[in-house]
Amino acid sequence: MNNYLVKDVFTPTKPARITFIDRELINDRLVNALQMPGKQIIVYGHSGSAKTTLLLNKLNQLYEAHITSHCMKGMTFNQIILNAFDQLATYYISERTIASQTAVSTDLAATYLAISSKLKSSETTEHTSKEQRILPPQLTPQFLGRLLGAANCCWIIEDFHKVDNSEKPQLAQLMKVFMDMSDEYDALKIVALGAVDTARQVIEYDPEMRNRVAEIHVDLMSEKEIENIVSKGEEALNISFGEDLKSLIARYSNGLASMCHHICFYMCQAAEINETSDKKLELNKTHFETALNHYVADASDSIRSAFDKALKERRKTKHNHVSLALEALCSFGERGSARTSLLTKIRKKVSNYPENSLKGTLQKLTTDEYGAITRFDQTSGLYSFSDPIYRAFALAHFHKNGHSSGNKNQSNIYDKAAFSEFLEKFAREFARRIQE
């Protein structure tokens, strides 16, 4: 039996290897797109839905190498190009690579070194004393494509949705350049990872890419797929969660692989399991409740921040729109509800509540400005809480406050001090509340 550490089996903050689950339909689409010359790829879906895990496991099977550029807000197109160029140093300077099967022409390597030297000598000082490298004229998207193609290297652009809108047309053009170069380098490919609904942005900025980009939506995982993660963890660590606990973990993971990994990791900590056991160890419901408490304690600051943003009063309105929407959403299961069903629920309390108000509120609640408390699944057309803890908290919060109206004159929905006090109590009693 192989010996594994718990931190390598249940990996809530990094891609899974040991507990990787092949998702047949998505897997086939991704593999076909990776193997098709010239096809550029956009993989998108909710945070925590295992996009990166799925992609990296497939890339390791199909590509000799890949580099990853992590996008941040305010990052420019030129900075993304430079980031990729810097990471190619391994393939053009390292002795290890020269001795490997990846052959790079002498001329191309010499040009790389010349540009690299020019970058080092072209730093300028701005008025703010911030150093910024100037993109040399020779470092064009076409030349970057040649460098990547010669190294047989796939380029991952992660979180590309964070790039400013003014820079996105250039990213769309970059994909087109790489596609046109596929005759010379058939493995040359960009894989862009983004949040929900980001695939259409590339198409909107460059309509020519409509049939040249594979848009792969990574759905939330099914409860069966979540249970398979737990089962693989059981096998690797020689432990047993039991069918009932696996079902509970799957239910409260709400389709998010990252949530499943968090719960299982904390359960192992509660049971003092750090590595593969010599004899079969059983985990129980006490370990599960301890794990949930641990998770919510760790997440208490983020919960407070999310609800602060959502419930913040931005302007005077007739109704408590956010409160009405969240309270209605609480009454549905983990999968969530369609907007029409939410409207029906709200109108049982506020008979004349306008549909457009609900539509606007639901859209806002999926944004960072409002804490991203909810998410919208395009495939099913359902709105749901983005984290099962948000739903559990909202259930307890609205039940405690006894909301019965959307009229602000009748109910003060948000007192910050009282809210913080309630959050602390909720963290202590989360396991009991969520079971109820």
Side-chain angles (χ1 to χ4, degrees), residues 4 8-36 39-63 66 68 154 156-161 189-200 213-237 241 243 246-265 333-336 375-382 384-388:
Y4 300 102
D8 295 325
V9 175
F10 296 119
T11 55
T13 56
K14 67 177 184 180
R17 300 282 192 235
I18 299 168
T19 54
F20 170 65
I21 301 297
D22 247 333
R23 304 173 69 182
E24 188 174 344
L25 182 60
I26 301 172
N27 175 74
D28 289 346
R29 291 190 61 204
L30 181 57
V31 170
N32 289 340
L34 286 169
Q35 292 180 331
M36 185 179 295
K39 196 76 161 180
Q40 307 306 301
I41 304 171
I42 299 173
V43 180
Y44 65 104
H46 293 291
S47 177
S49 60
K51 300 185 298 294
T52 304
T53 294
L54 178 66
L55 175 61
L56 292 183
N57 277 281
K58 290 297 111 183
L59 286 177
N60 289 336
Q61 295 171 17
L62 299 173
Y63 268 81
H66 63 268
T68 302
C154 178
I156 302 172
I157 302 178
E158 191 152 9
D159 292 333
F160 79 101
H161 59 280
K189 200 172 295 289
I190 291 175
V191 182
L193 285 170
V196 175
D197 296 336
T198 49
R200 66 182 62 181
V213 173
E215 304 170 36
I216 300 175
H217 180 218
V218 179
D219 295 312
L220 297 174
M221 299 184 94
S222 68
E223 290 191 4
K224 183 63 177 176
E225 288 170 332
I226 295 289
E227 288 181 12
N228 287 340
I229 293 175
V230 184
S231 296
K232 283 198 169 186
E234 285 180 321
E235 184 179 347
L237 295 170
F241 288 88
E243 294 304 316
K246 278 199 283 191
S247 179
L248 270 177
I249 293 168
R251 177 184 175 193
Y252 291 116
S253 294
N254 206 28
L256 299 173
S258 60
M259 178 69 172
C260 170
H261 281 269
H262 267 110
I263 294 174
C264 292
F265 181 85
E334 285 79 10
R335 291 191 68 245
R375 62 170 175 248
F376 176 66
D377 188 334
Q378 272 193 317
T379 305
S380 64
L382 301 179
S384 63
F385 285 94
S386 58
D387 190 311

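One finds a salt bridge joining Asp8 and Lys14 here, because a Lys/Arg side-chain nitrogen approaches an Asp/Glu carboxylate oxygen to under 4.0 Å. Classification of Lys246 and Glu243 as a salt-bridged pair holds, one side-chain N sitting under 4.0 Å from a carboxylate O.
Under the salt bridge (Lys or Arg N to Asp or Glu O under 4.0 Å) criterion, Asp28 pairs with no residue, sequence neighbours left out.
Residues Val191 and His66 have side chains not in contact (no heavy-atom distance under 4.5 Å, counting atoms from C-beta outward). Inter-residue side-chain proximity for Val31 and Gln61 is flagged as unmet; no heavy-atom pair is nearer than 4.5 Å. Looking at heavy atoms from C-beta onward, Leu30 lies out of side-chain contact with Val218 at the 4.5 angstrom threshold. Leu59 places a side-chain heavy atom less than 4.5 Å from the side chain of Ile156. Side-chain contact between Asn57 and Asp22 is absent, with no heavy atoms from C-beta onward closer than 4.5 Å. By the 4.5 Å heavy-atom criterion applied to side chains, Ile226 and Arg251 are not counted as neighbours. Here the side chains of Leu54 and Phe20 are in contact, with some heavy-atom distance below 4.5 Å.
Listed here is the closest heavy atom pair of Ile190 and Gln40: N-OE1, 2.7 Å. Between Thr53 and Pro15, the shortest heavy-atom contact is OG1-CA, 3.2 Å. Across Ile41 and Lys189, no two heavy atoms sit closer than the pair CD1-CD, 3.7 Å. Nearest heavy-atom pair across Lys51 and Leu193 is CB-CD2, 4.1 Å. Listed here is the closest heavy atom pair of Ile18 and Tyr4: CD1-CD2, 3.2 Å. Pairing each heavy atom of Ala16 with each of Thr19, the nearest pair is CB-OG1, 3.7 Å.
With hydrogens and angles disregarded, no donor-acceptor distance shorter than 3.5 Å links the side chain of Lys39 to the backbone of Asn32. Arg23 places a side-chain N or O within donor-acceptor distance of the main-chain N or O of Asp219, the cut-off being under 3.5 Å.
Using cut-offs of 30° and 60° on the angle between ring planes, the pair Phe241 and Phe10 is perpendicular.
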